[in-house]
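Notes for the one structure printed next.
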Amino acid sequence: MRARPAPLVEPSAPLNPERIARFSRQIMLPGFGELAQRRLAAARVLVVGAGGLGSALVPYLAGAGVGTIGIADDDLVELSNLHRQVSHGLADVGRPKVDSLADTVAMIDPECRVVRHTERLSAANIRDILARYDVVVDGSDNFPTRYLTNDAALLEGKPLVWGAILRYHGQVGLAWHAYGPTYRDLFPLPPSPDEVLSCELGGVLPSLCATVGALMANEVLKLVTGIGELLLGRVMTIDALSGRSREIAYEAIADAPAVTSLIDYEVFCGVDGAASAAQAATSGAPISAAELLRRMRSGEPLRLLDVREPIEAALRRIDGSELVPLGELAAGAEPVPGDGALVVYCEQDTRSRRAARLLRERGHADVVYLAGGIDAFSSVAGELVHR
């Protein structure tokens, strides 16, 4: 590991009495003082993502006295966001998340300057945006953006605080090429798109956003002020169910290819538009267990197709489903005609993906497969799963 970095930001002018009173409870901390507070006042922090992690960490950055916060997000607030993205409210549904989060910051500290970046970050624009900031914080929810942000931060010489959450698990790390390994040293290659669950399909415990977001904000405060021990060469993992955390040490890969320019990260991660469109046209789109439950509760016309074997179906089935094993389907069998979308499921979703593809190829237009299969559905609607 290379030498410990100095505080990231030079201090601002001395604080006025009102600002000293406002931040008195942290100024009095051992090793902190007014000088650290002045560094925060001068700091420029870019936060990528205004969702679960962004809406948790941005208020803490504003409350701590960070002078400028850039927020990059091109998404709108949806009803399903509100259980975990607590800086947005019911009145914000349909609004840009950047605007909603900026309003939250204004209520915390009107002197905090918020810069809104509503365009989607890409290889074409991210370096120009990063050049305006001292540190970047990645709270995005997809691998193309994580690799894009990592590589851009490396090329711009900026430290990158990153976090990730899914279901009951979270991770927090710091990538800074000048002083230690980067995100690519921990994850040299992205996972296959077939192995990636989103929050939409996998779910997330809302309080985990607060835990991971607060730890990310904490890392920013340490970087800016020079206090504490940075998460360089270490990644912290959190298990919300057990209440345990652990630390994984890692080093830079000595013979890793050098990052010299930005690339097409959607292609790199296997989720480019052409590939996604081709997959959607063949295998159909996934539907989450929660979304299936919502549609069933609302009375939407649906046809449930179980493509497992009879011995599996005898153990448990979703109420109202038709059984056509995958082998029979491949041999030419057809589901009973009916109204509404055809939802295909198996134990998890390996066979249902193939079945959905077969049905699409035969001309069945409205076909989706149940992400996570009956395993996932049992966890959200066990009362609808019977022998």
Side-chain angles (χ1 to χ4, degrees), residues 8-9 43-55 57-58 61 66-76 96-99 101-102 105 113-164 171-191 193 196 198 213 216-217 219-220 223-224 256-276:
L8 190 64
V9 178
R44 302 163 300 165
V45 179
L46 175 66
V47 177
V48 179
L53 293 176
S55 72
L57 70 91
V58 165
L61 296 180
V66 170
T68 300
I69 302 176
I71 307 172
D73 197 302
D74 66 344
D75 203 4
L76 304 179
K97 290 183 179 180
V98 165
D99 291 346
L101 193 47
V105 171
R113 176 173 175 255
V114 176
V115 182
R116 310 177 197 202
H117 301 281
T118 56
E119 67 271 36
R120 180 177 290 272
L121 294 182
S122 68
N125 64 16
I126 190 170
R127 292 190 65 176
D128 287 340
I129 294 174
L130 257 62
R132 309 172 208 173
Y133 295 92
D134 303 302
V135 58
V136 57
V137 187
D138 182 10
S140 63
D141 61 358
N142 63 87
F143 283 98
T145 302
R146 290 171 189 164
Y147 282 97
L148 167 69
T149 307
N150 175 81
D151 292 359
L154 184 154
L155 293 172
E156 290 295 314
K158 310 286 186 178
L160 164 68
V161 177
W162 61 270
Q171 299 174 337
V172 185
L174 169 62
W176 198 357
H177 183 61
Y179 294 96
T182 73
Y183 186 81
R184 278 186 179 268
D185 295 304
L186 186 64
F187 301 107
L189 294 172
V196 176
S198 64
M216 294 168 72
E219 206 63 21
V220 173
L223 272 166
V224 170
V259 175
T260 58
S261 63
L262 301 181
I263 60 175
D264 188 327
Y265 291 88
E266 295 205 342
V267 171
F268 174 67
C269 294
V271 294
D272 61 291
S276 298

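Residue numbers count from 1 along this sequence.
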- [ ] Assess whether atom CZ of Arg120 is packed by more than 12 heavy atoms of other residues, nucleotides or ligands within 6.0 Å.
- [x] no

Close side-chain approach of [X] and [Y], heavy atoms under 4.5 Å:
| X | Y | value |
| --- | --- | --- |
| Tyr265 | Asn150 | no |
| Asp151 | Leu154 | no |
| Leu160 | Lys158 | no |

Open item on the list: What verdict does the side chain to side chain contact (heavy atoms under 4.5 Å, CB included) test give for Val45 and Val47, after you've listed the backbone C-alpha separation in whole Å, the side-chain angles of each residue and the deciding distance to 0.1 Å?
Closed with: CA-CA 6 Å; Val45 179; Val47 177; 4.3 Å; yes

Task: Gap between atom CZ of Arg127 and atom CG of Leu262 - 0.5 Å precision - done: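 Rounded to the nearest 0.5 Å, the CG-CZ separation comes to 6.0 Å.
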
Open item on the list: According to salt bridge (charged side-chain N to carboxylate O under 4.0 Å, His left out), who are the partners of Asp73, at least two apart in sequence or on a separate chain?
Closed with: none

TODO: Could I get the full list of salt bridge (charged side-chain N to carboxylate O under 4.0 Å, His left out) partners for Arg116, not counting sequence neighbours?
DONE: Asp99

TODO: For side chain to side chain contact (heavy atoms under 4.5 Å, CB included), just list the numbers for Val220 and Val137, CA-CA rounded to whole Å, side-chain angles, deciding distance to a tenth of an Å, and then say yes or no.
DONE: CA-CA 8 Å; Val220 173; Val137 187; 3.4 Å; yes

TODO: Might you work through the side chain to side chain contact (heavy atoms under 4.5 Å, CB included) test for Tyr179 and Leu174, ending with a clear yes or no?
DONE: CA-CA 10 Å; Tyr179 294 96; Leu174 169 62; over 6 Å; no

TODO: Mind checking ring-ring contact (aromatic ring centres under 6.0 Å, His included) for Tyr183 and listing every partner two or more places apart, or none if nothing turns up?
DONE: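 Listed in chain order: Tyr147, Trp162, Phe187.
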
By side chain to side chain contact (heavy atoms under 4.5 Å, CB included), which residues pair with [X], not counting sequence neighbours?
| X | value |
| --- | --- |
| Asp185 | Pro181, Thr182, Tyr250, Ala252, Ile253 |
| Arg113 | Thr68, Val115 |
| Ser122 | Ala124, Asn125 |

Can you give me the closest heavy-atom contact between [X] and [Y], atom names plus distance?
| X | Y | answer |
| --- | --- | --- |
| Ile129 | Glu119 | CD1-OE2, 3.5 Å |
| Val136 | Ala153 | CG1-CB, 3.9 Å |
| Pro159 | Val135 | O-CG2, 3.4 Å |
| Glu156 | Ala131 | OE1-CB, 3.9 Å |
| Leu61 | Ile69 | CB-CD1, 3.8 Å |
| Met216 | Gly163 | CE-N, 3.4 Å |

Open item on the list: If the test is side chain to side chain contact (heavy atoms under 4.5 Å, CB included), which one of Leu46, Val98, Ile126, Asp74 qualifies with His117?
Closed with: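 It is Leu46, the one option of Leu46, Val98, Ile126, Asp74 that forms the side chain to side chain contact (heavy atoms under 4.5 Å, CB included) with His117.
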
TODO: Verify side chain to side chain contact (heavy atoms under 4.5 Å, CB included) between Leu223 and Val161, making sure each step is shown before the conclusion.
DONE: CA-CA 9 Å; Leu223 272 166; Val161 177; 3.7 Å; yes

Open item on the list: Can a side-chain donor-acceptor contact be found between Asp138 and Ser140 if the only test is distance below 3.5 angstrom?
Closed with: yes

TODO: Taking the six-membered ring of Phe268 (Phe, Tyr or Trp), confirm whether the NZ or CZ of Arg184 is under 6.0 Å from its centre and within 45° of its axis.
DONE: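 Checked: cation-pi criterion met.
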
